[in-house]
Amino acid sequence: MAVKSIQLGQVWRNEADGKNYLVTKVYNELFTQFAMLRPAEVNAPNIETTRVKVTKGPEGASLPGFAFTQDSQDF
């Protein structure tokens, strides 16, 4: 599912392992945007972050291999 934009604090579910990940950083490198994801668990500070390339299309932005968990995008 695509969203308007990838933002800090969004929660995405990994489609492979079913775990929830929190977006902790979004940054650009040249023409590409990346999101840093940290597992949404109690021991998250001790676990490595995951870097995911943001894909953008006519429907919005998405993270390959992840599904957006929050229904409403109205802020």
Side-chain angles (χ1 to χ4, degrees):
M1 176 181 172
V3 296
K4 292 179 185 175
S5 65
I6 305 297
Q7 298 180 343
L8 299 179
Q10 288 179 339
V11 178
W12 291 74
R13 179 172 293 122
N14 187 327
E15 294 173 345
D17 61 13
K19 294 182 180 177
N20 291 329
Y21 289 80
L22 181 69
V23 177
T24 58
K25 183 177 182 180
V26 179
Y27 65 97
N28 296 312
E29 283 187 9
L30 202 55
F31 302 111
T32 306
Q33 187 175 35
F34 290 95
M36 298 298 289
L37 303 177
R38 183 177 297 274
E41 299 174 355
V42 174
N43 60 352
N46 301 327
I47 299 175
E48 291 187 23
T49 57
T50 303
R51 185 173 96 153
V52 179
K53 182 179 176 180
V54 176
T55 58
K56 294 183 179 178
E59 298 175 358
S62 63
L63 300 174
F66 290 84
F68 190 62
T69 60
Q70 296 146 322
D71 292 335
S72 177
Q73 296 182 40
D74 300 328
F75 296 102

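What you are looking at is a predicted structure, and each value in this text was computed from that prediction instead of being measured.
- Within the 4.5 Å cutoff, the side chain of Gln10 has heavy atoms near those of the Phe68 side chain.
- We find the OH-CD1 distance between Tyr27 and Ile6 to be 13.5 Å, quoted to the nearest 0.5 Å.
- By the side chain to side chain donor-acceptor pair (under 3.5 Å) test, Asp17 is found to be paired with Tyr21, residues two or more places apart in sequence or in another chain being considered.
- Note on residues 60-70: no pairs pass salt bridge (charged side-chain N to carboxylate O under 4.0 Å, His left out), not counting sequence neighbours.
- Residues Val54 and Leu63 form a side-chain contact, since some pair of their non-hydrogen atoms from C-beta on lies under 4.5 Å apart.
- In this structure, Gln70 and Gly9 approach most closely via the heavy-atom pair NE2-O, 4.4 Å.
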I'd like to know whether Thr69 forms a side chain to side chain contact (heavy atoms under 4.5 Å, CB included) with Asn20, so could you lay out the CA-CA distance, the side-chain angles of the two residues, the decisive distance to 0.1 Å, and finally the verdict.
CA-CA 8 Å; Thr69 60; Asn20 291 329; 3.9 Å; yes
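- Every residue two or more places apart in sequence or in another chain that forms a side chain to side chain contact (heavy atoms under 4.5 Å, CB included) with Pro64 is listed here: Val52, Thr55.
- Nearest heavy atoms, Ser62 versus Ala2: CB-CA, 4.1 Å.
- Under the 4.5 angstrom side-chain criterion for Ile, Leu, Val, Met, Phe, Trp and Tyr, the cluster partners of Val11 are Leu22.
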Identify every side-chain donor-acceptor pair in residues 29-38 under 3.5 Å, counting partners at least two apart or on other chains, and give the distances.
residue: Glu29; atom: OE2; partner: Arg51; partner atom: NH1; Å: 3.4
residue: Gln33; atom: OE1; partner: Lys56; partner atom: NZ; Å: 3.3
residue: Arg38; atom: NH1; partner: Ala44; partner atom: O; Å: 3.0
residue: Arg38; atom: NH1; partner: Ile47; partner atom: O; Å: 3.2

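- Counting only residues at least two apart or on different chains, no ring pair (Phe, Tyr, Trp, His ring centres under 6.0 Å) pair has a member in residues 37-56.
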